[in-house]
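Notes follow once the structure below has been shown.
Predicted model only: the values in this text are computed from it and were never measured.
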Amino acid sequence: MAADPTIWILSRGRKGDLDQMLALARATGWPCEIKTLRFAGPEIPVLSKLLLKEKISPPWPDLVLVAEASPSVIAREIKRLSPATRIVCLGRPAGAPRNFDLVLTTAQYRIPPADNVVELAMPLAEVTEATATSGGGPIALAVGGPAFPDLLDASAAERLATDVLAHAANAGATLDVVTSPRTPPEAIAVLERRITAPHRLSIFGRGANRYREALAEASAIIVTSDSVSMVADALATQKPVSVYPLPQALNAKWKLGSWLYRHAIETPRPLTAALRWLFDAGVIEVAPDRRKLFQRLVTEGRLGWFGEAVPPPQPGAAQRDLEIAVKALRNLMFQP
C-alpha cells in the first residue's frame, strides 16, 4: 500500500466510543472521515442493514473502525462489498469476533483469545500531558449516567453527593463536578441542590463543556462506575484516579446472558457449546462487566476504588495502550 490508508469511522454518535476511535485514528496520522449512521427504531443488530436510514456507498476506504453493535454489522457489509477493506472493532462486535480483521478489546468484554484479538489494559484515550498541581488543586468528579447494570437515579445521586462531599472535606479540598450527556434530570437536580460554593458544578449542555478542563486542572479525579471511557480519559491525564461504584440492578436477562456466555463461549460444555451460534449471529449479546476491568486495573495498581487507597499515577501507561493498538493496525494494513 503506497499511500497512507484511508479510514472511515462508523458511529451512532455515542461519545465514549467515538472518542476512542478518534484517538486511535489520530494516533495513526492517516486520513479519517466520520460516518454517522442513523437507524430506524431501537438498536437491533441483526436487523441493522434493514434499519439503516441512509445507505453508504463507494469509494470504499482501506480501513473501517467501529465500536458499537449496529455499526459493526454495517462494517461487515462493507467488507462483503469490498473484500480489500479491513474492518476493525473496538470493544465487542456484534456476532463472532472472527468476522473482523482485528478486534481491539478490554477485559470487561470477556472475548476469548484469538489471532485477530488484541486485549488492551484500557480503552483508548488521547494522552495529555499531566498538568502540574500544587496539592491544593480541586478534586474532579466526572458523573456519567445509568448504564446497565449501574443505576444513577435521585437516590444514587444523593448518596454520591454525600460521599464525595465528605471525601473533599476530609482532604481539605474543593470539588469540581462535571456531568455528562447521559446524566439524568433527577440526578442533576440533586447535584444542583447539594454541590454548592465553594465547590463547582458544571452541567453538560449549559455553557461550555468543561469536562476536559476539569480533568486537566484536578489534583485527583473520581469517576462514576458506569463509564469505562471516562475512566480512560481520567487515567490519560496521569493523575490519581478512583472509581465510585454506583448501585447495580442485575436482572434475569443479564444473569441468563452471562450464564449462557460462560458455558457456550468461555468454558463450553457438550450440551451448551451448540448455543454458541446465538452469540455468533448477534442474536444474544452478553453485557460488558465493567467491574471486572476496574478490578483488574486496581490489582495492577493503575487506579483505586473510591474510599480506598489510590495508587500514584503510572506515567506512560495510557500511551503504551495506544502504541499497542497502533502497532496492531499497522501490522494489519501493511502485512505482506
Gap between atom CG of Leu51 and atom CD1 of Ile74 - 0.5 Å precision: 9.0 Å

Residue pair Asp4, Arg330: steps toward the salt bridge (Lys or Arg N to Asp or Glu O under 4.0 Å) verdict: CA-CA 10 Å; Asp4 285 342; Arg330 291 188 178 278; over 6 Å; no

For the student: nearest non-hydrogen atoms of Ala140 and Ala218, plus distance: CB-CB, 3.6 Å

Closest non-hydrogen atom pair between Thr224 and Gly144, with its separation: OG1-N, 2.9 Å

Spacing of Leu24 atom CG and Met21 atom CE [to the nearest 0.5 Å]: 10.0 Å

Close side-chain approach of Val190 and Glu186, heavy atoms under 4.5 Å: no

Validation row: Ile56, Ile78 side chains within 4.5 angstrom (heavy atoms): yes

Sidechain-backbone polar pair: Thr28 side chain, Trp30 backbone, donor-acceptor under 3.5 Å: yes

Nearest heavy atoms of Trp8 and Ser57, plus distance in Å: CH2-O, 3.4 Å

Short side-chain donor-acceptor distance under 3.5 Å, Asp233 and Tyr211: yes

Point-to-point distance, once rounded to the nearest 0.5 Å, from CG of Leu201 to CG of Leu175: 10.0 Å

ILVMFWY cluster, Met333 and Leu124 together (side-chain gap under 4.5 Å): yes

Exercise: identify the closest heavy-atom pair between Pro93 and Val103: CD-CG1, 4.2 Å

Short side-chain to backbone donor-acceptor contact, Lys239 and Ala216, under 3.5 Å: yes

Distance (rounded to the nearest 0.5 Å) between Lys15 NZ and Ser180 OG: 9.0 Å

Side chain proximity check, Pro149 to Arg290, heavy atoms < 4.5 angstrom: yes

For Arg210 against Ser202, the heavy-atom pair lying closest together: NH1-OG, 3.0 Å

Same apolar cluster: Leu22 and Ile7, side chain cutoff 4.5 Å: yes

4.5 Å side-chain heavy-atom contact, Leu141 and Asp176: no

Separation of Leu18 CG from Thr36 OG1 (nearest 0.5 Å): 7.5 Å

Worked check of salt bridge (Lys or Arg N to Asp or Glu O under 4.0 Å) between Lys35 and Glu33: CA-CA 6 Å; Lys35 299 281 187 180; Glu33 182 179 354; 3.1 Å; yes

Electrostatic pair Asp321-Arg302, nearest N-O below 4.0 angstrom: yes

Qualifying residues under side-chain contact (heavy atoms from CB on, under 4.5 Å), relative to Arg206, sequence neighbours excluded: Ile188, Glu192, Ile203

Side-chain heavy atoms of Arg12 within contact of Ser70, under 4.5 Å: yes

Under 3.5 Å: donor-acceptor pair, side chain of Ser242, backbone of Phe306: no

Pair Phe204-Val178, side-chain contact (heavy atoms from CB on, under 4.5 Å): steps then yes or no: CA-CA 7 Å; Phe204 183 88; Val178 290; over 6 Å; no

Thr174 side, atom OG1; Leu165 side, atom CG - distance, nearest 0.5 Å: 11.0 Å

Lys79 and Asp101, any side-chain heavy atoms less than 4.5 Å apart: yes

Sidechain-backbone polar pair: Thr6 side chain, Pro31 backbone, donor-acceptor under 3.5 Å: no

Leu303-Ile221 co-clustered via ILVMFWY side chain contacts under 4.5 Å: yes

Student check: side-chain heavy atoms of Asp289 and Tyr109 closer than 4.5 Å: no

Show me, pair by pair, the donor-acceptor contacts under 3.5 angstrom made by side chains of residues 113-123, not counting sequence neighbours?
unit_1	atom_1	unit_2	atom_2	d
Asn116	ND2	Pro97	O	2.9
Asn116	ND2	Phe100	O	2.9
Glu119	OE2	Arg296	NH1	2.5

Hydrophobic cluster membership, Val177 vs Met230, 4.5 Å side-chain cutoff: no

Test item: Gln314 side-chain N/O and Gly301 main-chain N/O as donor-acceptor pair under 3.5 Å: yes

Heavy-atom pair with the smallest gap, counting every atom of Ile139 and Ala171: CD1-CB, 4.2 Å

Any donor-acceptor pair under 3.5 Å from Ser72 side chain to Ala69 backbone: yes

Leu191 reachable from Val223 in the ILVMFWY side-chain graph, under 4.5 Å edges: no

Steps toward side-chain contact (heavy atoms from CB on, under 4.5 Å) verdict (Val243, Val298): CA-CA 10 Å; Val243 175; Val298 169; over 6 Å; no

Residue pairs fulfilling side-chain hydrogen bond (donor to acceptor under 3.5 Å, both in side chains) with at least one residue in residues 143-159, sequence neighbours excluded: Asp150-Ser225, Asp150-Gln248, Asp150-Arg291, Glu158-Arg193, Glu158-Arg194

Leu329 and Val88, any side-chain heavy atoms less than 4.5 Å apart: yes

